[in-house]
Structures are given as C-alpha cells and as structure tokens.
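Down below is the structure, laid out as structure tokens.
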Amino acid sequence: MTTERISRLGHLFRQERLSTEVTDLFREIINDHYRENARILPWRSTFDPYAIYVSEVMLQQTQVERVRVKYEEFLARFPDITTLAGAPLHEVLAVWQGLGYNRRAVLLKKCAETLMERFNGTLPSAAEALETLPGIGHYTARAIAAFAFGAAAPFIETNIRTVFIHLFLPDRDRVHDREILPLVEGTIDHTDPRRWYYALMDYGAHLKRTHVNPSRRSAHHTRQAPFKGSNRELRSRILRAVMAQPGISGAGLADQLDTAITAVIDNLQQMESEGLITLQQGLCRIP
DNA sequence: AAGCCGGGGCG
DNA sequence: CGCCCAGGCTT
C-alpha cells in the first residue's frame with residue numbers, strides 16, 4: 001500500500017537520511033506512481049531541443065493545460081531556430097497573446113538570434129552554456145539538459161519542491177531550496193534522468209491536487225499581488241492597444257516595447273499625481 | 001531577499 | 001474573491 005510506504009519513508013529518513021534503503025524506497029514510490037499516472041504531453045514525445053526549449057519557457061509560471069494549445073500553435077508558426085530568429089517581434093508577440101509574462105516572448109526571440117550568432121544556430125547541450133542565454137535560468141537550463149540531452153544535473157521547480165517537502169520534511173516550515181537540492185541530487189535515478197524528472201514532476205502535480213499545496217511551506221513561497229488594478233493589468237492593456245496599431249511592425253518600436261510601455265505607465269501615473277487624469281481600477285479615465 | 005514581470009481557471 | 005502556475009531578472 002502506498003500510504004504505508006510513504007509513512008515508512010518519512011520514518012526511515014528521520015533515522016538514516018538518504019540511506020540506500022531510503023533512496024530505493026523513494027524511487028519505488030515515484031516510479032510506481034508514474035507507471036500508472038504518467039501525463040501524456042506533446043513536448044514529452046520529442047527530442048528536438050528547440051521544441052523542448054520552447055515548452056520550458058512557456059511552462060515558466062504557466063499551467064500545463066494552458067501551454068498545450070499554444071505550444072502547437074507556436075511551433076507550427078516558428079518551427080525552428082532560424083525561423084524564430086528571422087521573424088518580426090510583433091508576430092511572435094501576437095502568437096504569444098494570452099500566455100502572459102510577455103517578456104518571455106521577447107527573450108525567446110532574442111535567444112534565437114543569439115543562437116544564430118554565437119552557437120551556429122543550435123542549442124548547446126551543457127547546462128552552464130544554456131544558462132548564459134537570455135530567458136534561461138538555473139532551472140530551465142538543467143531541464144533542457146535533462147529532457148533534450150539526457151543530463152542528470154539536479155534542479156528544483158515547484159512540483160519537485162512539493163515532492164521533497166511532502167515526503168521528507170512533512171513537519172517542517174520555511175524549507176530552503178539549499179536543503180532540498182542535495183536530496184534531489186542524492187535520489188536521482190540515473191538509468192533514465194529524463195523519465196525520472198517527468199515522474200518526479202508528475203508526482204508533485206498529483207500531490208498538489210490531493211493535499212494543501214505543500215510548496216507553501218517553502219521558504220521561497222510568495223503570493224502574488226492581485227492582478228486587478230495592478231501595473232501588470234495596465235501593461236497588458238497598453239501592449240494589446242499598441243499591437244492593434246497597423247504600423248507596429250516597425251522594428252524600432254517593437255524592440256523597445258517594454259521600455260515604451262513602462263514610459264507610458266510612468267507618464268500616466270505622473271499625470272494622475274498632477275490631477276490631470278484619474279487612474280481607476282487600472283484603467284485610464286479622463287475626468 | 002524581495003518585487004516585479006500576465007493571464008486564466010478553479011474552488 | 002483568493003489561489004496558483006515546469007521561473008527569470010533586477011534591485
């Protein structure tokens with residue numbers, strides 16, 4: 001029974017830390033769950049580093065179910081690095097609309113350009129090299145290395161964090177990632193790192209559905225300010241308005257979109273402080 | 001370490 | 001309405 005194995009794992013870990021027995025039992029629990037509940041996802045059935053890279057960027061702070069559709073649409077329009085690097089930014093942003101965190105789209109294209117200029121139009125396989133690229137941080141670099149190139153370097157994201165906090169640190173609060181990372185590293189199933197990380201993440205996603213989100217007990221857990229009335233809502237609307245303009249394809253404005261939007265917001269708020277307009281619920285209304 | 005970078009779906 | 005999401009970047 002799984003619940004019995006889980007309580008035994010917690011008990012053993014308190015006594016022996018990552019003993020061979022603990023590690024084996026842990027892998028058994030994760031792999032057994034995956035055997036029955038593996039999620040079938042489009043980016044899991046390819047080894048194309050570019051496609052996997054695109055999926056990883058889309059999945060940053062964005063739920064799997066919302067990425068499914070965009071992933072297909074994006075790859076159909078920008079099937080490879082060369083196409084993406086050569087595409088106008090406004091077209092990339094147009095396809096991105098609805099995913100959020102639009103900066104990801106800007107960095108995605110910038111990264112493609114960098115790959116053309118400095119990496120012969122291909123993604124490097126080493127995490128250390130991937131991490132130097134725009135929009136690719138510690139997690140994404142190692143995820144790409146694992147999923148596209150079979151590397152086993154340890155990494156943490158919200159699902160993995162959830163698994164280790166729930167199974168190994170059930171009665172702890174404010175758990176720091178530096179405490180989790182050695183546990184990730186010490187329990188990696190080296191027979192197939194790609195499959196192992198899929199299994200780990202699927203188990204974490206499962207825990208989030210069946211328990212009060214265990215990652216709330218992470219030291220890094222923060223809740224986001226409300227979207228309504230925020231600068232993010234303003235930015236979103238301004239971007240959509242700018243995108244709707246016929247002449248927006250000009251490279252000059254497109255490349256400085258973020259700067260332009262920030263300047264607009266700053267001006268709006270300045271105007272509000274001068275009493276020229278009122279900003280209400282994130283909307284600009286002329287009195 | 002803390003804040004900011006969207007948007008949608010779900011309880 | 002509050003919550004969260006395969007994080008990254010800046011300060």
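Within every chain, numbering begins at 1; the chains are lettered A, B, ... in the order of the sequence lines, protein sequences first and strands thereafter.
With sequence neighbours left out, A/Arg118 forms a side-chain hydrogen bond (donor to acceptor under 3.5 Å, both in side chains) with no residue at all. Judged as a side-chain hydrogen bond (donor to acceptor under 3.5 Å, both in side chains), and not counting sequence neighbours, A/Arg223 has no contacts. Residues passing the side-chain hydrogen bond (donor to acceptor under 3.5 Å, both in side chains) test with A/Glu36: none are found, sequence neighbours excluded. For A/Leu41, the side-chain contact (heavy atoms from CB on, under 4.5 Å) partners two or more places apart in sequence, or in a different chain, are A/Arg39, A/Trp43, A/Arg44, A/Val64, A/Arg68. Scanning for salt bridge (charged side-chain N to carboxylate O under 4.0 Å, His left out) contacts around A/Glu131 gives A/Arg142, with sequence neighbours left out.
Remark: A/His220 is not in phosphate contact with C/dG7, judged by side-chain N or O atoms under 4.0 Å from OP1 or OP2. Side-chain N/O atoms of A/Asn231 include none lying less than 4.0 angstrom from OP1 or OP2 on B/dG3. Regarding contacts with the backbone of B/dG6, every side-chain N or O of A/Arg237 stays at 4.0 angstrom or more from both OP1 and OP2. Within the structure, every side-chain polar atom (N or O) of A/Arg66 is placed at least 4.0 Å from both OP1 and OP2 of B/dG8.
Applying the side-chain hydrogen bond (donor to acceptor under 3.5 Å, both in side chains) rule to pairs touching residues 47-56 of chain A yields A/Glu56-A/Tyr139, sequence neighbours excluded. Within the structure, ring-ring contact (aromatic ring centres under 6.0 Å, His included) contacts touching residues 111-132 of chain A (residues at least two apart or in different chains) do not occur. The side-chain hydrogen bond (donor to acceptor under 3.5 Å, both in side chains) contacts involving residues 161-175 of chain A comprise A/Arg161-A/Asp177, A/Thr162-A/Lys208, A/Arg172-A/Glu179, where partners must be two or more places apart or lie in separate chains. Applying the side-chain hydrogen bond (donor to acceptor under 3.5 Å, both in side chains) rule to pairs touching residues 70-85 of chain A yields A/Arg77-A/Glu91, A/Asp80-A/Thr83, sequence neighbours excluded.
At a threshold of 4.0 angstrom between heavy atoms, the contacts of A/Leu41 include nucleobase atoms, whether or not backbone atoms are also involved. Using a 4.0 Å heavy-atom criterion, one finds that A/Val67 contacts no nucleic acid atom at all. A/Trp43 comes within 4.0 angstrom of a nucleotide base, judged by non-hydrogen atoms across all strands. Using a 4.0 Å heavy-atom criterion, one finds that A/Arg44 contacts the bases of the nucleic acid, with or without backbone contacts as well. At the heavy-atom level, A/Arg223 lies under 4.0 Å from the strands shown only through sugar-phosphate atoms.
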Polar atom pairs between nucleotides 8-11 of chain C and protein, under 3.5 Å, N or O only, would you list them?
| residue | atom | partner | partner atom | Å |
| --- | --- | --- | --- | --- |
| C/dG8 | OP1 | A/Gly137 | N | 2.9 |
| C/dG8 | OP1 | A/Thr140 | N | 2.9 |
| C/dG8 | OP1 | A/Thr140 | OG1 | 2.5 |
| C/dG8 | OP2 | A/Tyr139 | N | 3.4 |
| C/dG8 | N2 | A/Arg103 | NH2 | 2.6 |
| C/dC9 | OP1 | A/Gly135 | N | 2.7 |

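The stretch residues 186-212 of chain A does not touch DNA chain B, since none of its heavy atoms comes less than 4.0 Å from the strand. A heavy atom lying under 4.0 Å from DNA chain C marks the following residues of residues 153-160 of chain A, by number: A/Glu157, A/Thr158, A/Asn159.
Look at the P atom in both C/dC3 and B/dG3: the space between them is 16 Å, to the nearest Å. One P atom belongs to C/dA6, the other to B/dG11, and the distance between them is 16 Å to the nearest Å.
Across all non-hydrogen atoms, the minimal contact from A/Asp189 to A/Thr191 is OD1-OG1, 2.6 Å.
Residue side chain A/Arg161 does not reach the base of C/dA6 through any donor-acceptor N/O pair under 3.5 Å, judged by distance alone. Between the base of B/dC10 and the side chain of A/Glu65 there is no donor-acceptor pair shorter than 3.5 Å.
Note that A/Arg194 lies in the cation-pi zone of A/Phe47, set by a 6.0 Å cut-off to the ring centre and a 45° limit from the axis.
Using a 3.5 Å distance cut-off with no hydrogens or angles, the side chains of A/Asn231 and A/Glu233 do not pair a donor with an acceptor.
Here B/dC5 is the nucleotide among B/dC5, C/dC5, C/dA6 with the atom lying nearest to any side-chain atom of A/Tyr101.
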